[in-house]
Structure formats: structure tokens, C-alpha cells
Amino acid sequence: MDYDAIVVGGGHAGIEASLALSRIGFKTLLITQNLDAIGRLSCNPAIGGLSKGNIVREVDALGGEMAHLIDHSMIQYRILNRRRGPAVQAPRAQADKFTYARLAKETLESEHNLSLFMDTVVDFLLDPTGKRLTGVITERQHTISANVVVLTTGTFMEGKIFIGEYDAPNGRLDEPSAIGLGTNLRKKGFPVGRLKTGTPARVRKSSLDFDKMEVQDGEELMMPFSFDYDSINRPQVPCYITWTNEKTHAIIRDNIHRSPLYGGKIVGTGPRYCPSIEDKVVRFPDRNRHQIFVEPEGIGTEEMYLNGISSSLPEDVQWDFVHSIEGLEHAQIMRPAYAVEYDFINPQALYPSLESKLVENLFIAGQTNGTSGYEEAACQGLMAGINAAQKLKGEPPLVLSRNEAYTGVLIDDLVTMGTKEPYRMFTSRAEYRLNLRHDSCDQRLTEKGFRVGLQSEESLSRLRQKLEKMETVKDLLRQRKLADKSAIQALKMPEVTMASLQEAIPELSGFEEPIKYQVELDVKYEGYINRQERQINRFEKLESLHISQDFDYDALDGLSTEGKEKLKLVRPISVGQASRISGVRNSDIALLIVHLDRGGHRER
């Protein structure tokens with residue numbers, strides 16, 4: 001074999017997959033169409049957000065790279081939902097997109113076991129059975145062999161961009177798409193579909209009137225995403241907020257027939273939770289304005305990102321509606337908004353390890369699986385890389401449960417239910433979100449990262465020290481009395497905070513802020529967490545009832561016709577996963593449990 005592993009694509013999934021494989025010790029090749037586009041923040045120049053910030057910290061706890069990249073490139077930091085409960089709080093940072101991409105490429109280039117190659121993969125090499133992958137074929141007719149391949153094509157597989165009447169075979173504006181691979185995957189029987197996403201115009205900072213906008217500053221104290229760092233020292237810049245108006249909407253309505261989205265040129269389904277501005281105007285006719293976040297793309301550039309008004313309308317229409325917005329009346333449009341349509345593979349064709357059910361040794365991650373977002377791509381890339389390495393080692397895959405990580409929720413949702421639109425992670429998708437707080441990712445996942453070879457003894461030691469400090473703080477709170485109760489009982493009251501306790505217990509000032517923050521959350525939400533633990537115990541019982549991949553559902557009398565059909569399609573690995581498949585009834589699950597309890601095809 002030329003390589004142990006090949007990773008196709010240099011986006012956020014490809015970065016994590018290639019680093020995981022090479023750091024674990026395997027000779028890896030990353031093939032990408034453009035070495036200068038590695039780690040590019042194609043859409044919004046930000047990392048993190050609701051549930052997404054949790055995912056970034058999960059990637060870090062497992063031994064991935066995204067948190068390091070944003071920690072060294074952030075230009076604004078905020079905790080979202082700070083006034084709400086801890087289960088829905090999350091960090092988000094604006095990035096200097098050019099620094100982020102440069103650091104990503106430098107990180108890949110510095111890896112001893114990783115080679116980079118600029119070409120386009122157009123087909124796969126299979127063994128004589130057609131069921132086992134042995135390598136790739138590129139556009140320039142290179143035949144490169146490998147034991148495993150991780151596919152992370154993003155929006156480039158048969159990609160096409162749209163700006164009004166204009167369209168071109170691109171994955172991003174003026175970047176050629178990967179032509180041929182989607183067609184060849186269809187020929188091989190892969191369930192390939194089309195999805196659509198989009199991005200807004202970029203405008204010149206010096207042409208904007210910020211006096212007409214609301215300033216949105218970041219937090220005074222920047223906090224690291226990575227558990228490897230205690231603090232961040234980066235320059236901070238503000239973002240701004242403005243709004244569309246009735247004039248904006250009238251311009252869009254008058255030209256809606258020129259939108260490829262409504263004219264029938266785009267067939268792929270777009271993201272429901274991040275619609276284009278024309279979609280918003282059509283779907284929400286009673287709304288007289290829509291919020292726009294005006295965000296810097298970096299320190300060394302004039303380009304500003306208009307978050308909230310992605311569009312595929314013609315450039316003359318974009319010019320008119322952008323200039324109708326307060327503060328943007330004289331905006332110089334440097335890059336137009338556009339939509340992009342691309343091929344994706346139905347993720348129900350994957351095992352929870354992200355290995356293909358159709359072709360052995362092929363792992364698939366990122367937007368190729370129908371997701372949207374850098375963070376969703378990164379966590380899949382990391383898990384695909386880890387499990388490709390586990391396959392090379394002859395060891396069982398690492399599969400994260402829904403009660404262990406948002407990453408586990410995301411992958412379980414994809415492989416169990418599939419998706420017909422770009423999948424985006426939300427806190428509401430996680431049943432056990434109190435257990436999935438961003439501050440506790442290291443406690444849940446660092447040891448798993450160590451076991452697969454991505455985390456160090458030093459990381460484990462740092463985690464143990466953190467837990468010891470937290471317990472010391474809790475002991476201190478138990479011992480100190482405030483009026484007729486202990487400080488730890490007082491902290492459970494809504495009006496009492498760790499900051500207010502520090503006045504009465506000055507010893508608390510000797511502990512780091514993250515330690516005190518996590519102790520406060522642990523104490524205040526102990527009752528809720530205990531209740532959730534009981535739910536998790538019931539959940540784990542179903543997850544522990546494993547189902548063999550060759551289980552004969554046709555031989556199990558009493559299964560509903562739809563349930564049997566869906567179970568045969570998904571091939572769940574446990575009764576728990578089976579229970580989450582749409583169309584599988586409670587009576588079907590009861591039958592499965594009875595059969596497995598009698599010893600039928602049960603794995604341990």
C-alpha cells in the first residue's frame with residue numbers, strides 16, 4: 001500500500017481526520033483540490049455558538065485541533081445565553097479567518113506522518129468483490145492505494161453555485177467543484193442526493209456607517225476553548241447589528257422570480273434553520289424586519305460579513321436591497337452572495353463508526369453526510385479519523401453515546417434517521433443536555449481520547465488536578481457556615497453566586513475562575529442532574545441490548561411491516577438505536593427485547 005490512510009478534502013472534517021490518523025501513528029495522505037484553501041471559513045467567520053461551542057470543546061477533549069485553531073485566531077469572544085441555564089450556555093468566537101486557515105495549514109504541514117497532495121479524487125479503487133476499498137483515482141490519473149479512506153468533500157462534490165441567472169461548476173465562488181466523484185458513487189450504488197446552502201455578500205468596512213448600527217462588544221475576559229490553555233491574549237474587535245426593513249423586503253419580493261431558488265434551477269433542499277433572505281421574506285410575510293450581524297472577517301482586511309442575509313438573487317438586486325438597509329446605504333460590495341448546491345450521501349448508509357455499509361474501509365464525514373457547520377464537520381472528521389485508525393489497529397470503533405457528547409447525538413441522529421436537509425446541531429436535540437455542558441467535556445471525553453492514542457498523560461494529569469481542585473472548593477463550601485446553613489446549601493439559592501460567596505470566604509479567590517464556575521453549576525443544578533442520571537440509567541439499559549448486524553428481521557414474527565423495513569435499512573447496533581428509528585413502533589421494540597432476552601443473536 002502507498003499509505004495506511006487517505007483523507008479526501010482539506011476542510012474542517014478533513015483537517016481533524018488527517019491529524020487523528022497521523023498522530024495515532026499511521027502514514028496518511030491528505031488530498032485536496034487547493035492547498036491554499038485548507039481550513040477556509042467559507043461562510044461566517046466564527047467558531048462555536050449554541051451547542052456548537054460544546055462540540056468544539058468535545059473535539060478538544062478527545063484530542064482534536066479546532067479549539068487550538070480558534071484560540072490562536074479569535075478576535076472576539078462571547079458566552080451565549082449567559083442569563084439562561086447552563087445546559088444552553090455556549091462559547092462563540094469571531095475568528096480572523098486568514099489566521100485560522102494559515103494556522104490550520106501549518107499544523108498539517110508540521111505533522112510527521114502526514115503528507116499533503118493537491119489533486120482531485122474522482123473515483124475509488126475497489127477489490128474484485130466490489131465491497132472493499134483499496135485506494136483512490138485522481139483527476140490527473142494518479143492511482144493511490146490505502147487501507148482506509150476518509151471522504152470529506154464539503155460542498156465540492158458536483159458542486160454548482162448560483163447568483164441569479166448565473167451559475168457555474170464551483171464549490172465556492174471561483175473555486176472549481178469536484179466533478180466525477182458523485183457520478184461514480186451513484187454508479188456504485190451509493191444513495192446520493194442534493195443539498196443547498198448559501199452565503200451573504202461581503203462589504204467594505206470603510207464604506208459603512210456604524211453610527212446607525214448597534215455595537216456588539218465581546219466579553220471583557222476571553223476564555224480558551226481548549227482545555228490545554230488557562231487564558232487567551234488576543235486583540236478584540238466589535239461586531240455590529242442592523243436590520244432589514246420594508247423597503248428591503250419590497251425589493252426582494254419584486255425580484256423573487258429572478259431567484260434560482262424560486263425559479264426551479266436549484267433542486268437541492270436548503271437549511272431550514274439558516275434560510276436565505278428571500279426565503280425569510282417569503283416564509284415570514286408578517287415580519288417587517290430581520291436582524292443582520294455585521295461581522296469582521298479579520299484584523300488585516302476591510303471585508304465585513306453580513307450575517308443573516310445570504311442570498312442567490314442577481315447582483316443588481318443584491319446591490320439594491322443591501323443599500324436599502326440602515327448603515328449600509330453606501331456599502332461597497334466586495335463579494336456577492338451566492339447559493340451552492342452539492343452532492344451528499346444519505347448517512348443512513350453508515351454505521352455509527354461512520355464507516356460505509358456498502359464499501360468496507362470507507363469512512364465519510366462532514367457535509368458529505370448532510371450536515372451544515374464547521375463544528376459539525378470537525379467532530380465527524382475526528383470520529384471518522386479515530387475509527388479509521390481503530391480499524392487499522394484491529395480494535396473496535398469508538399462510538400459516543402447520546403448521554404456522553406453532542407457529537408454522539410449528532411452521529412446517532414444522522415445514521416439512525418438520516419436527513420433530507422442540511423443538519424444543524426441544537427441544544428434541543430440532546431435529551432441529556434445538562435450532562436453535556438461545555439465546561440465538563442474534559443471530564444467525559446479526555447480518557448476516551450487517551451485510550452485511542454490522541455490524548456497525553458499530561459492531559460489526564462491536568463484533568464485529575466482539576467477534579468481535585470473542584471472537590472477542594474466543594475469541601476470548603478460544605479465546611480463554612482453562612483447564617484443557619486452551609487455555604488454549599490446557600491449556593492443552591494438563585495440569588496447566591498460564587499462571586500458573592502467570595503466576600504465571606506476569601507480563600508475562594510485562590511482558585512481559577514473556570515474551577516469556581518463549574519462548581520457553581522454543579523451545585524446549583526445538582527437536583528436536575530440527579531434526575532437526569534435516572535433517565536440516563538434507563539437509556540443505557542436499552543443501549544446495552546446489542547443487535548447483531550446479521551440479525552434476521554424477516555424471521556421475527558410480529559414485527560410491523562414498516563418497522564421491519566426500517567430496521568433492515570438502518571441495521572441498528574442496539575435496541576436503543578432501534579427505538580429512535582422513525583416508523584419503528586413500541587410493539588416492535590418490545591418484541592426485539594423479548595427475543596434478545598431469550599438469547600437470540602445477542603452480542604456483548
Between [X] and [Y], what is the shortest heavy-atom contact and its length?
X: Leu445; Y: Ala405; result: CD1-CB, 4.2 Å
X: His68; Y: Asp228; result: NE2-OD2, 2.7 Å
X: Ala378; Y: Val59; result: C-CG2, 4.3 Å
X: Leu358; Y: Ser356; result: N-OG, 3.0 Å
X: Pro572; Y: Gln549; result: O-NE2, 3.5 Å
X: Ile70; Y: Tyr100; result: N-CE1, 3.8 Å

Between the side chain of [X] and the main-chain N/O of [Y], is any donor-acceptor distance below 3.5 Å?
X: Thr155; Y: Gly171; answer: yes
X: Glu341; Y: Gly268; answer: yes
X: Asp588; Y: Leu559; answer: no
X: Thr134; Y: Leu125; answer: yes
X: Asn387; Y: Ser353; answer: yes
X: Glu16; Y: His12; answer: no
X: Gln455; Y: Ala61; answer: yes
X: Arg429; Y: Arg424; answer: yes
X: Ser440; Y: Gln443; answer: no
X: Arg585; Y: Glu562; answer: no

With a 4.5 Å cut-off on side-chain heavy atoms, are [Y] and [X] touching?
X: Lys131; Y: Glu360; value: no
X: Asp343; Y: Arg186; value: yes
X: Ser401; Y: Phe539; value: yes
X: Thr446; Y: Phe227; value: no
X: Arg444; Y: Leu436; value: yes
X: Phe450; Y: Ser459; value: no
X: Leu596; Y: Ile547; value: yes
X: Phe26; Y: Asn147; value: no

- Cation-pi check, Arg402 to Tyr432: give yes when NZ or CZ is under 6.0 Å from the six-membered ring centre and within 45° of the ring axis, no otherwise.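 So Arg402 doesn't make the cation-pi contact.
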
Give, for atom [atom1] of [X] and atom [atom2] of [Y], the distance between the pair rounded to the nearest 0.5 Å.
X: Arg23; Y: His112; atom1: CZ; atom2: NE2; answer: 14.0 Å
X: Ser310; Y: Asn44; atom1: OG; atom2: CG; answer: 10.5 Å
X: Arg272; Y: Lys420; atom1: CZ; atom2: NZ; answer: 11.5 Å
X: Leu460; Y: Glu457; atom1: CG; atom2: CD; answer: 6.0 Å
X: Ile161; Y: Asp174; atom1: CD1; atom2: CG; answer: 6.5 Å
X: Leu116; Y: Ile38; atom1: CG; atom2: CD1; answer: 5.0 Å

More than 12 non-hydrogen atoms from neighbouring residues, nucleotides or ligands closer than 6.0 Å to [atom1] on [X], yes or no?
X: Glu447; atom1: CD; value: no
X: Lys393; atom1: NZ; value: yes
X: Asp554; atom1: CG; value: yes
X: Lys391; atom1: NZ; value: yes

Run the salt-bridge test on [X] and [Y] with the 4.0 Å N-O cut-off and return the result as yes or no.
X: Arg580; Y: Glu431; value: no
X: Glu395; Y: Arg451; value: no
X: Arg132; Y: Glu355; value: no

- Task: Give a yes or no on whether the ring-centroid distance for Phe344 and Tyr342 is below 6.0 angstrom.
- Result: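 Centroid separation for Phe344 and Tyr342: 6.0 Å or greater.
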
Do [X] and [Y] get their side chains close enough for a donor-acceptor pair, meaning under 3.5 Å?
X: Asn54; Y: Glu375; value: no
X: Asn113; Y: Thr28; value: no
X: Thr153; Y: Thr368; value: yes
X: Thr269; Y: Glu421; value: no
X: Glu175; Y: Asn34; value: no
X: Arg172; Y: Ser42; value: yes

- Check against side-chain contact (heavy atoms from CB on, under 4.5 Å), Leu19 and Glu111: CA-CA 7 Å; Leu19 288 175; Glu111 282 302 320; 3.3 Å; yes

- Task: Verify side-chain contact (heavy atoms from CB on, under 4.5 Å) between Thr197 and Ser372, making sure each step is shown before the conclusion.
- Result: CA-CA 8 Å; Thr197 189; Ser372 69; 5.7 Å; no

- Task: Could you walk me through whether Leu21 and Val150 pass the side-chain contact (heavy atoms from CB on, under 4.5 Å) test, one step at a time?
- Result: CA-CA 10 Å; Leu21 279 155; Val150 182; 4.1 Å; yes

- Task: Decide side chain to side chain donor-acceptor pair (under 3.5 Å) for Asn369 and Thr371; before the verdict, give the C-alpha distance in whole Å, the side-chain angles of both, and the deciding distance to 0.1 Å.
- Result: CA-CA 6 Å; Asn369 286 341; Thr371 58; over 6 Å; no

- Task: Decide side-chain contact (heavy atoms from CB on, under 4.5 Å) for Val192 and Glu158; before the verdict, give the C-alpha distance in whole Å, the side-chain angles of both, and the deciding distance to 0.1 Å.
- Result: CA-CA 11 Å; Val192 180; Glu158 313 293 342; over 6 Å; no

